[in-house]
Amino acid sequence: MTLHSRTLLAAPRAALLAAALAAASLLGGCGAVVVGGAAVGAALSATDRRTTGTQVEDESIELKAVNRASELLGDRGHVNVTSYNRSVLITGEVPSEASRAALEQAIGGIENVRGTVNETAVMAPTSMTVRSNDSYLTSLVKAGFVDAKDLQANSIKVVTERSTVYLMGRVTEREANRAAEVARGIGGVTKVVKVFELISEAELAQIQTK
């Protein structure tokens, strides 16, 4: 995907925020297995559409998943694990189809996990340059959500793997389509995958009144 310079130049506030978020996200994720969303989400975690209990459960699921991935792969792979409302997205690189299946089974068996989306690829682990670019793209997408007036940025988790952006959260169909549109408009993003849990406009209104 070619660089959309007009979009980026038109949103200096978003670009500044992106730089800050990118710096934060690059502080983490140096190991073979990464708990997804922790660094990037920290700056925008004032509100959340999950209950406090579910947020705690998601953190516990991610930590347990990291341990299981480390036991299975060691340093032979690079895996990111992101849990949202007890649905787990698994991304990164694994050495074989067998290890990919074993990883999904191990993480899917963790207590309280409702389901898994296994987006790992059988290939060599990516370089730090690729991962740094992914972190930067994540920050640009998050900043784009902040700059958009019709999205609640901290209701959407963003995970980027090899320039593919995955979007998670409890959102309406309108929000899901709008978020995907914003993400696709970021230069360097090659693909956008929606891993949303859709809710109705009535459910959203109820959440916002709490």
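Just so we're clear, the structure is a prediction, and the values are computed from it rather than from any experiment.
- Side-chain polar atoms of T160 and D134 form no donor-acceptor pair below 3.5 angstrom.
- Residue A153 comes nearest to F145 through the heavy atom pair CB-CB, 3.8 Å, listed as atom of the first residue, atom of the second, then distance.
- For the pair R178 and E175, the salt-bridge criterion is not met [side-chain N within less than 4.0 Å of a carboxylate O].
- Residues I90 and V122 are members of one and the same hydrophobic cluster, defined by side-chain heavy-atom contacts under 4.5 angstrom among Ile, Leu, Val, Met, Phe, Trp and Tyr.
- Looking only at distances, no side-chain donor or acceptor of E104 sits under 3.5 Å from a matching main-chain atom of T116.
- Atom CD of E203 is surrounded by more than 12 heavy atoms from other residues, nucleotides or ligands within 6.0 Å.
- Between R76 and P95 the shortest heavy-atom distance is NH1-CG, 3.3 Å.
- A salt bridge is absent between R50 and E57: the closest approach of a Lys/Arg side-chain nitrogen to an acidic carboxylate oxygen does not fall below 4.0 angstrom.
- The pair K157-E62 meets the salt-bridge criterion, with a side-chain N (NZ, NE, NH1 or NH2) lying under 4.0 Å from an Asp/Glu carboxylate O.
- Taking every heavy atom of both residues into account, L151 and A179 meet most closely at CD1-CA, 3.9 Å.
- Nearest heavy-atom pair across A121 and R162 is CB-NH2, 3.5 Å.
- By the rule that hydrophobic residues join a cluster once side-chain heavy atoms approach within less than 4.5 Å of another member, V113 and L72 end up as members of one cluster.
- Judged purely by atom type and a 3.5 angstrom limit, K194 has no side-chain atom pairing as donor or acceptor with the backbone of N177.
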* Asked: Are E197 and R114 close enough, and set up right, to give a salt bridge (Lys or Arg N to Asp or Glu O under 4.0 Å), and what steps lead you there?
  -> CA-CA 12 Å; E197 176 185 337; R114 292 192 302 151; 3.1 Å; yes
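- No donor-acceptor distance shorter than 3.5 angstrom exists from the side chain of K191 to the backbone of Y166, with no hydrogens or angles considered.
- Here the side chains of S87 and V117 are not in contact, with every heavy-atom distance at 4.5 Å or above.
- The closest side-chain heavy-atom distance from D58 to R86 is below 4.5 Å.
- N67 CG to L63 CG: the interatomic distance, rounded to the nearest 0.5 Å, is 7.0 Å.
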* side chain to side chain contact (heavy atoms under 4.5 Å, CB included) between L167 and V158, worked out -> CA-CA 5 Å; L167 303 177; V158 182; 4.0 Å; yes
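- Closest approach of G188 to S163, counting heavy atoms only: O-CB, 3.6 Å.
- A donor-acceptor contact shorter than 3.5 Å is absent between the side chain of S60 and the backbone of V56.
- Once rounded to the nearest 0.5 Å, the distance linking CD1 of I207 with CD of Q152 reads 9.5 Å.
- Judged by distance alone, the side chain of R100 and the main-chain N or O of N118 form a donor-acceptor pair under 3.5 Å.
- In summary, of the residues considered (V193, L89, V88), a side-chain contact (heavy atoms from CB on, under 4.5 Å) with M168 occurs for L89 alone.
- Applying the side-chain hydrogen bond (donor to acceptor under 3.5 Å, both in side chains) criterion to Y84, with sequence neighbours excluded, gives no partner residue.
- Minimum interatomic distance between A176 and L198 (heavy atoms only, all atoms of both residues): CB-CD2, 4.0 Å.
- Within 6.0 Å of the CD atom in E201, the count of heavy atoms belonging to other residues, nucleotides or ligands exceeds 12.
- Here the side chains of T91 and T164 are not in contact, with every heavy-atom distance at 4.5 Å or above.
- Considering only heavy atoms from C-beta on, R49 comes within 4.5 Å of Q208 through its side chain.
- Here the side chains of V195 and E119 are not in contact, with every heavy-atom distance at 4.5 Å or above.
- The CG atom of N154 lies 6.5 Å from the NZ atom of K142; values are rounded to the nearest 0.5 Å.
- Using a 4.5 Å heavy-atom cutoff, the side chains of H78 and V130 are not in contact.
- Rounded to the nearest 0.5 Å, atoms CG (N85) and CD1 (I61) are 9.0 Å apart.
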